[in-house]
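Structure, as C-alpha cells:
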Amino acid sequence: MKFSAKQIAEVLNGKIDGNPDITVNNLSKIEEGKEGTLSFLANPKYTPYLYKTKASIVIVNSDFVPEKEITATLIKVDDAYSAFAKLLDMYNEVKLNKSGVSTQAFISESAKTGKDIYLGEFAFIGENVEIGDNVKIYPHAYIGDNVKIGDNTTIFASVKIYSDCVIGKDCTIHAGVVIGSDGFGFAPQNDKNYKKIAQIGNVVIEDLVEIGSNTTIDRATLGSTIIRKGVKLDNLIQVAHNVEIGENTVIAALTGISGSSKIGKNCMIGGQVGIAGHIEIADEVKVGAQSGITSSVKKKGSVILGSPAFDIFKSRKSIVYYRNFDSIVKRLKNLEDKF
Amino acid sequence: MKFSAKQIAEVLNGKIDGNPDITVNNLSKIEEGKEGTLSFLANPKYTPYLYKTKASIVIVNSDFVPEKEITATLIKVDDAYSAFAKLLDMYNEVKLNKSGVSTQAFISESAKTGKDIYLGEFAFIGENVEIGDNVKIYPHAYIGDNVKIGDNTTIFASVKIYSDCVIGKDCTIHAGVVIGSDGFGFAPQNDKNYKKIAQIGNVVIEDLVEIGSNTTIDRATLGSTIIRKGVKLDNLIQVAHNVEIGENTVIAALTGISGSSKIGKNCMIGGQVGIAGHIEIADEVKVGAQSGITSSVKKKGSVILGSPAFDIFKSRKSIVYYRNFDSIVKRLKNLEDKF
Amino acid sequence: MKFSAKQIAEVLNGKIDGNPDITVNNLSKIEEGKEGTLSFLANPKYTPYLYKTKASIVIVNSDFVPEKEITATLIKVDDAYSAFAKLLDMYNEVKLNKSGVSTQAFISESAKTGKDIYLGEFAFIGENVEIGDNVKIYPHAYIGDNVKIGDNTTIFASVKIYSDCVIGKDCTIHAGVVIGSDGFGFAPQNDKNYKKIAQIGNVVIEDLVEIGSNTTIDRATLGSTIIRKGVKLDNLIQVAHNVEIGENTVIAALTGISGSSKIGKNCMIGGQVGIAGHIEIADEVKVGAQSGITSSVKKKGSVILGSPAFDIFKSRKSIVYYRNFDSIVKRLKNLEDKF
C-alpha cells in the first residue's frame, strides 16, 4: 500500500509543505526514518532529527517553524502526535483486517457465530459456543464448550479457552494465552498424597480487556475468576483461581496473583510482582516491580515497594541503607571500639 | 442437566428437609447462591448466609439446627463438606467426559492407542507413540515420536510433548505445557560464540502428576529430567534439564528450577522461587514465595525464606529490621552524636 | 538404530579394546549406564564408575590405563569428551531429521518455500511468507503474513510468529514461543481508561539465535525489537517492545526486560532478573539471578547482584549483614544500654 502526501493530508485535514505527490508505504520514528516512510515530530527534543531524517514525509504541529532546510515533505496539523496515532490505528486496522471462515476450521454444529467474523485455519469451536459480530479468531485457537465471546473481540493464534468461560466485547487476547485451566487446589491426605479439588467455576473477562501472550488465568473452584472492564495484562502473568481484578487496572509481565485475592480498580502493578492469596488491594494502588505483597493493602492510592512491600519512601530509604550496610556496621564497630 | 433434591439426597444418602422436587443445574458458594443452584454449609462462620442465600438446595451437617426460617431446601448428611466435594467430582466427570477419535486428528500409522480414548481435532500423534486406555488428548496437542502416555491421563489443548518423553498414569497436563524441549546448554567458544550441546535425554513424568498451564520442562542432556509420583506443578513454572522433583512435592506458579538440581519429596515451594543449579533440597522442606535458594538445603523439614533464603524465623526478624532501617541508623547516629 | 563398536570406532577414528561386534542403540551417563548404551569417561573423578558401569561401550582417552577389569568394550580416542559430543550431535541430527511437506499443513498461495523443508501437520503459513532452505517447521506452528525465515532454522511445535517479523538463519525456536505480539503500550485517558497505542513495528531475530519454550517477544511500537546474532534465551522470558539484545548475550529463564531497553553483547543474565524500561546495559555485564536493574549499567564487564542490583562484592557483604541483622541490632542495643 502506497499513500501520497496529498492523500494523507486529506485524511488528517493538514497542510502540505513540500512535494504533494511523494509517496510512503511505512511508518518510522524520526530518528530512524528511511526513504518511503512517514514520521512525526511532536516532542521539541527531537527537532534536530527533523533536519537530517530520511523519512519522506513528516507530520509536524502547525505552529512549527523550521530553522534550517528540510528535505522531507511536511504535513502541518493541529496536533502532530494525535494525527500520527490516528494513522497508526488506520494502518493497524488494515493490517489486521482478516475475514472469512476457513473450511479448515472446526465448528461444532451447536455453535452460533455472529456476522463478519474471521475464523482461521485449524481453529476449534466447541459445542454451544456463542461468538459475537466482527470477532476475529486466528488459526489454532481453541474455544471450549459453552464459551461466549462478545462483539469485536480478537483472539490470536493458539489461545486456549476452556469450557464455560465468558469473554466480553472489544477484547484483545494474544497468542498462547490460557483461560480457564484448573485452579491449583489440592487437599492434603493422611498419606502425604494430595487429592485434587474439582474446579468447576469459570473465568469471566469483561469488555475492553487486553491480555498479553502466554498469560494464564485459572478458572474458579466455584463461581468466577473475574477480570473487570478495561484491565490490561502484560505477557506471562499468572492469575490464580477466584481472583478478581478491578476496572482499568494495569499489570506488567511475569507477575503472579495467588488464589482468591481481590485487586482494586485503577491500580498499576509492576513486573514480577507476587501477590499472596486471600488478600485485598485497594483502588489506585501502585506497586513497584519485583515487590511481594503478603497482606491486604487497605489504603486507596498507596504506593509500595519491596518484598515484602511497604511504603515506597521508607522502602527507598531502606534500599540506600542496605547498599551501605558495610559502612553502617563499621560505624557501629567504631563506637564499640571506643568503649 | 437438572437434578432434583430427591435425586441428590439419594446419591449422598442424605435426608431432605423441604421440597424434594426442587431442581438445580449448577453449584454455588453459599454467599453467592442463586436460584437453581446447590450449595453447602460446613464452616459455622458461614451460617448467617444460610438464612439469606438464594440457592435452591443447601447441603448441611445432620446435626445442624436452624435458628430462623430458611427458604432453601436442606439435605442433611454426615459430612457436608465431603458430600459437596463428591458432587463437585461427579459434576466435573460429566463435564470432562469427552470421547471419540476425531477424523481431523493426525495419527501416525505406527502409533498404538488404548481403549476408550478421546482424541480431539487437529491433535498430532507421532511415530511409535503408545497411548494407554481412557486417555484424553484435546485439540491441537502435539505428541512427538516414541512418547508413551499411561492410562487415564488427560492432556489438554495445545500441550507439546517432544519425542521420547514418558508420561505416567492418571496425570493431568494443562493447556500450553511444553515437555521435553532442549535443556539450556551451550559451551562457550574462544570467539565468544556459544556452541549448542546436544540434548538427547528425555523427560519422565510418573503417575498422578498435575502440571499447570504454560509450564515448561526441559529434557535432560543425557538421562532423564524426572517428575516423581504425585508432584503438583502450578502454571508458568520452569524446570530445567536433568532436574529431579521428589514425590508429592507441590510448587507454586512462576518458580524456576535450574539444571541438575534435585528436590526432595513432600516439599512445598512458594511462587516465584528461584533454585540454583546442581544443588539438593531435602525432603519436606518449605520455601516461602519469592525466595532464592543458592546452595543445598540439607536438613529435612527446613522452613526457609528470603533471597538468598535462610531460616524463616531469622528471616522474618531481618525483614522487620529492614523495614525500620531508618530508625536503626538514627539510633546509631544518636550514639555517635553523644561521643 | 543399532551401531557396533566397530562402526563407532571408525567414525571417531578410535581404537577398540574389547568386543568389536557389541552394539548400542542409546547414549548414557557412565554412572547410569545400561546394557545397549554407549557412554564416555573424560573427568577422572568418574573413573570408579567405569569399573561397574553396565554401558556396553565406553569412550575413553587414549592414555587411559585401567586398574581393574572392565566389562564394557572401550573405544580409545584422543579426546573422549569431544568424541562423545560429536556422537551426541550425530544422534540428534538423526533424531531431528524430519522432512517433507504435510498435505495437512496450510500454505498460502503467495508463500515461497526453499529446498528440503519440513512442514508438519496443521502448520499455518500466511501470505507472502518466505521460508529458506532446510527449514523445519513442526506441527501447529503459526507463521503470520510477510514473515521471513532464514536457511536451516528450526521452528518447533506451536510457535506463533506474528506478521512482518524476520527470523535469521540457523536459529532454533522452541515450542510455544510467541514472537511479535503487541507491545504493552496504552495511553491513559482522562476517564481513567486506557487507549491502546497501535503497535506496528516488528521483531527481527538475527542468525544463530536459540529461544526457549514459551518465551514471548513483543513487536516494536515503531521500528524493530532486535535479538542480535548468537543470543541464547531460556524458557519463559519476556522481551518487551523495542528492546535490543546484543550479540551472544545469554539470558536464563523467567527474566523480564521492559520496553526500549538495550542490552550489550556477551552479557550473562541470570534467571528471574527484572530489567526496567529505557535503560542501557554495557557489554559483558554479568547479572546474578533474581536481580532487579533499575538504571543503566554503564561500565563494561560489571558484575552485579540484588534488587536493585549493585556491585556483587558489596552486595554479598550486605547479604551477610542482612542475615545477621538481629545480632547487629543487639550490638547497637548493648551500646545504648551502656549510656
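Residue numbers start from 1 in every chain, and the chains themselves are labelled A, B, ... in the order their sequence lines are given, proteins ahead of strands.
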Q) Is it the backbone or the side chain of A:H140 that comes under 4.5 Å from a heavy atom of chain C, or both, or neither? A) side chain
Q | Crowding at NZ, C:K136 (>12 non-hydrogen neighbours, <6.0 Å) | A | yes
Q: For A:F106, check ring pair (Phe, Tyr, Trp, His ring centres under 6.0 Å) against everything at least two apart and list the hits.
A: A:F124
(Q) Less than 4.5 Å to any heavy atom of chain C: does that hold for the side chain of A:L254, its backbone, both, or neither? (A) side chain
Q) Side chain, backbone, both or neither: which part of C:L332 has a heavy atom under 4.5 Å from chain A? A) both
Q) For C:Q238 and C:T216, does a side-chain donor sit closer than 3.5 Å to a side-chain acceptor? A) yes
Q | Residue part contacting chain C, namely of A:Y322, when any heavy atom lies under 4.5 Å | A | both
Q) Which atoms of A:A157 come close to chain C, meaning under 4.5 Å heavy atom to heavy atom: side chain ones, backbone ones, both, or neither? A) both
Q. Does a sphere of radius 6.0 Å around CZ in C:F186 hold more than 12 heavy atoms from other residues, nucleotides or ligands, not counting ones at 6.0 Å or beyond?
A. yes
Q: Could you tell me which of A:L233, A:N324, A:T172 has the largest number of non-hydrogen atom pairs under 4.5 Å with chain C?
A: A:L233
Q) Side chain, backbone, both or neither: which part of A:E93 has a heavy atom under 4.5 Å from chain C? A) neither
Q | Non-hydrogen side-chain atoms of C:I161 and C:V203 separated by less than 4.5 Å | A | no
Q) Contact part of A:D326 toward chain C, heavy-atom cut-off under 4.5 Å: side chain, backbone, both or neither? A) both
Q. Which bit of C:S158 comes within less than 4.5 Å of chain A, counting heavy atoms only: side chain, backbone, both or neither?
A. side chain
Q. Looking at A:F122 versus C:Y142, is the centre-to-centre ring distance below 6.0 Å?
A. no
Q.
Is it true that, when you exclude A:Y321 itself, more than 12 heavy atoms of the residues, nucleotides or ligands shown sit nearer than 6.0 Å to its OH?
A. yes
Q) Given that the side chain runs from C-beta out, which part of C:S224 has a heavy atom under 4.5 Å from chain A: side chain, backbone, both or neither? A) neither
Q. Between A:F84 and A:F40, how do the two ring planes meet: parallel, tilted or perpendicular, split at 30° and 60°?
A. parallel
Q | Part of A:K333 lying under 4.5 Å from any heavy atom of chain C | A | both
Q: Could you tell me whether A:D89 and C:K195 have a side-chain N and a carboxylate O separated by less than 4.0 Å?
A: yes
Q) Side chain, backbone, both or neither: which part of C:V239 has a non-hydrogen atom closer than 4.5 Å to chain A? A) neither
(Q) For a quick check under 3.5 Å, do C:D164 and C:N146 share a side-chain donor-acceptor pair by atom type? (A) yes
(Q) Under 4.5 Å from any heavy atom of chain C, what part of A:A85 do you find: side chain, backbone, both or neither? (A) neither
Q | Interface moiety of C:S258 toward chain A, non-hydrogen atoms closer than 4.5 Å | A | neither
Q | Engaged part of A:E32 at the chain C interface, taking heavy atoms whose separation is under 4.5 Å | A | side chain
Q. Relative to chain A, which segment of C:S315 carries a heavy atom at a distance below 4.5 Å: side chain, backbone, both, or neither?
A. backbone
Q. Under a 4.5 Å heavy-atom cut-off, does chain C meet the side chain of A:M268, its backbone, both or neither?
A. side chain
Q) Using non-hydrogen atoms only, which part of A:K98 is less than 4.5 Å away from chain C: side chain, backbone, both, or neither? A) side chain
Q. When heavy-atom pairs shorter than 4.5 Å are enumerated against chain A, which of C:G183, C:G256, C:G274, C:A220 gives the highest number?
A. C:G274
Q. In terms of heavy-atom proximity below 4.5 Å to chain C, should A:I251 be classed as side chain, backbone, both, or neither?
A. backbone
Q. Do you know which of C:K338, C:K196, C:K314 has the most heavy-atom pairs under 4.5 Å to chain A?
A. C:K196
Q) What part of A:S213 lies closer than 4.5 angstrom to a heavy atom of chain C: side chain, backbone, both or neither? A) both
Q) chain A heavy atoms under 4.5 Å from C:K192: which part of the residue, side chain, backbone, both or neither? A) both
Q. Any ion pair linking A:E247 and A:K229 (charged N to carboxylate O, less than 4.0 Å)?
A. no
Q. Looking just at side-chain N and O atoms, do A:E35 and A:S56 make a donor-acceptor pair shorter than 3.5 Å?
A. no
(Q) Any side-chain to backbone donor/acceptor pair from A:S39 onto A:I57? Under 3.5 Å, distance only. (A) no
Q) Which one, C:I200, C:I328, C:V178, C:N193, leads in non-hydrogen pairs under 4.5 Å with chain A? A) C:I200
(Q) Can you tell me which portion of A:L208 sits under 4.5 Å from chain C's heavy atoms? Options are side chain, backbone, both or neither. (A) neither
Q.
Testing the 3.5 Å rule here: is there a donor-acceptor pair between the side chains of C:E280 and C:S296?
A. no
Q) Which bit of C:N242 comes within less than 4.5 Å of chain A, counting heavy atoms only: side chain, backbone, both or neither? A) side chain
(Q) Checking A:K169 now: which residues fulfil side-chain contact (heavy atoms from CB on, under 4.5 Å) with it, not counting sequence neighbours? (A) A:D151, A:D207
